[in-house]
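A quick write-up on the structure given underneath.
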Amino acid sequence: MFHFSIIFLYYFYEGAYMKNSLLQEISIHAFTEFKLGSAEYPESNTGCTVILSEAGYPTGIDIRGGAPASRESGLLNPLAANDGVHAIVLSGGSAFGLDTASGVMKFLAERNIGFPTAASVVPIVCASCLFDLNGNPTQKYPDANLGYQACENAYHGIFEEGKHGAGTGATIGKIYGPKQASPSALATYAVQLGDLKVGAVVAVNAVGNIYDPTSGNTLSGIRNLKDGGFIDAEEALYTAILGRDLFHQNTTIGAIITNAKLDKTALTKVAGMAHDGYARVIKPVHTTFDGDSIYAMSSATISADINVVGTIAAYIMEKAILKTVDFNK
């Protein structure tokens with residue numbers, strides 16, 4: 001039985017890249033038990049994205065970067081008592097953007113959604129932010145009002161990929177500074193296998209470049225100002241990072257949503273496996289200059305093997321990251 005499982009997973013994984021894959025691509029909106037919304041401050045080139053799960057779903061997180069900006073991540077530790085999260089927020093604004101979660105809490109509390117207490121309900125809202133500050137003193141950060149607006153948009157089905165939500169001001173390849181960086185975006189990718197559905201949402205703001213996993217060619221990242229091509233990010237790191245302070249201005253933040261019946265511990269493992277999707281197409285990745293984080297949340301309705309869910313999670317996260325390149329062609 002053990003050997004059969006290994007063989008199945010091998011062919012399942014390989015098949016995910018073949019023309020006749022067992023995986024059927026679906027829309028992120030096929031997850032009707034979740035509500036996704038986005039809102040922006042276009043004049044400040046920043047925004048936020050919300051994933052609402054009003055019933056309070058089990059959620060895990062895996063943080064691999066050395067400079068995360070996050071809220072309530074301690075509750076997602078498998079040893080913590082909490083087993084229900086009502087919203088995930090992905091936002092711009094660096095640590096300032098964590099204020100968006102307050103607006104999300106207000107929106108949910110007004111609808112009596114949250115952890116019940118003697119006095120009232122307390123919505124459990126987790127948040128992670130990327131760095132898109134531009135140094136302009138008039139820049140407006142994602143705040144509670146924007147978080148509230150993103151929730152209203154989610155209720156009205158307003159969710160856009162590309163330069164929207166958390167991806168509004170995202171850029172990648174900033175080893176030589178913002179002038180040589182490339183614009184990035186927010187993207188999703190989702191698949192179905194039988195009754196099992198797994199989806200990825202990601203905003204890419206990495207210090208590294210994005211590479212084609214098959215050819216190894218650079219798809220986006222550090223620009224060569226002389227010829228318009230790209231500079232190898234790993235070589236740039238080797239030769240230029242000494243003595244340079246990047247102020248931790250990078251992060252790739254994402255979430256996996258699924259209907260697989262998994263608890264918080266299993267979802268933490270799924271989030272960790274999804275980081276393989278980062279590693280396949282972003283180089284360098286998980287540096288101390290990044291705050292790379294992935295959530296995994298489940299509506300827990302379909303029995304599924306954790307290894308299958310995790311393998312799919314890595315695949316769709318890779319595909320979602322590659323999709324961000326298409327928004328900037």
> Which atom pair, heavy atoms only, marks the closest approach of T251 to C129?
Replying inline: CG2-O, 3.9 Å
>> Between E234 and K283, is the salt bridge (Lys or Arg N to Asp or Glu O under 4.0 Å) condition met? List the steps.
In response: CA-CA 6 Å; E234 289 183 321; K283 299 177 186 178; 5.5 Å; no
>> Measuring from atom OG1 of T59 to atom NE2 of H86, what distance do you get when rounded to the nearest 0.5 angstrom?
In response: 9.5 Å
>> If you compare all heavy atoms of G103 against all heavy atoms of Y148, which two are closest, and at what distance to 0.1 Å?
In response: O-CD1, 3.5 Å
> Are T188 and E161 linked by a side-chain donor-acceptor pair shorter than 3.5 Å?
Replying inline: yes
>> Both conditions, 6.0 Å and 45 degrees, for the charged tip of K163 above the ring of F327: are they met here?
In response: no
>> Can you see whether D305 engages N307 through a side-chain donor-acceptor pair at a distance of less than 3.5 angstrom?
In response: yes
>> S215: which residues meet the side-chain hydrogen bond (donor to acceptor under 3.5 Å, both in side chains) condition with it, sequence neighbours left out?
In response: N217
> Got a sec, which residues hit side-chain contact (heavy atoms from CB on, under 4.5 Å) with A200, two or more places apart in sequence or on another chain?
Replying inline: I256, I316, M317, A320
> Do Q180 side-chain atoms and G173 backbone N/O form a donor-acceptor pair below 3.5 Å?
Replying inline: no
> So which heavy atom on S38 is nearest to which on E160, and how close?
Replying inline: OG-N, 3.3 Å
>> Run the side-chain contact (heavy atoms from CB on, under 4.5 Å) test on K140 and T46 for me, step by step, so that the C-alpha distance in whole Å, both residues' side-chain angles and the decisive distance to 0.1 Å come before the verdict.
In response: CA-CA 8 Å; K140 194 172 184 179; T46 192; 5.9 Å; no
> In Å, rounded to the nearest 0.5 Å, how long is the span from CG of N209 to CD of E235?
Replying inline: 11.0 Å
> Just by modelled atom types, is the T324 backbone N or O under 3.5 Å from a matching donor or acceptor in the N328 side chain?
Replying inline: yes
> Residues two or more places apart in sequence or in another chain: which of them pass side-chain contact (heavy atoms from CB on, under 4.5 Å) with P42?
Replying inline: E40
>> Please determine whether side-chain contact (heavy atoms from CB on, under 4.5 Å) holds for the pair I231 and Y176, giving the CA-CA distance in whole Å, both sets of side-chain angles, and the decisive distance to 0.1 Å.
In response: CA-CA 10 Å; I231 296 173; Y176 290 139; 3.9 Å; yes
>> Please find the pair of heavy atoms, one from I175 and one from V207, that lie closest to each other, and give the distance.
In response: CG1-CG2, 3.6 Å
> Which residues pass the side-chain hydrogen bond (donor to acceptor under 3.5 Å, both in side chains) test with D143, sequence neighbours left out?
Replying inline: Y41
> Cation-pi between K323 and Y189: NZ/CZ under 6.0 Å from ring centre and within 45° of the ring axis?
Replying inline: no
> What are the two closest heavy atoms between L108 and A87, and how far apart are they?
Replying inline: CD1-CB, 4.1 Å
> Cut-off 3.5 Å, side chains only: do Q149 and N145 have a donor facing an acceptor?
Replying inline: no
> Hey, mind stepping through L193 and Q24 against side-chain contact (heavy atoms from CB on, under 4.5 Å) and telling me if it holds?
Replying inline: CA-CA 7 Å; L193 177 67; Q24 175 189 355; over 6 Å; no
>> Using the rule given for side-chain contact (heavy atoms from CB on, under 4.5 Å), can you reason through V50 versus V125, listing the C-alpha separation, both sets of side-chain angles and the distance that settles it, and then say yes or no?
In response: CA-CA 10 Å; V50 297; V125 179; over 6 Å; no
> Distance from I172 atom CD1 to R223 atom CZ, nearest 0.5 Å?
Replying inline: 9.5 Å
> Any chance the side chains of T168 and N45 put a donor and an acceptor closer than 3.5 Å?
Replying inline: no
> Taking only residues two or more places apart in sequence or in another chain, which ones pass side-chain contact (heavy atoms from CB on, under 4.5 Å) with L196?
Replying inline: V198, T258, N259, A260, A304, V308, V309, I312
> Which pairs count as side chain to side chain donor-acceptor pair (under 3.5 Å) when at least one residue sits in residues 111-128, sequence neighbours excluded?
Replying inline: S128-Y295
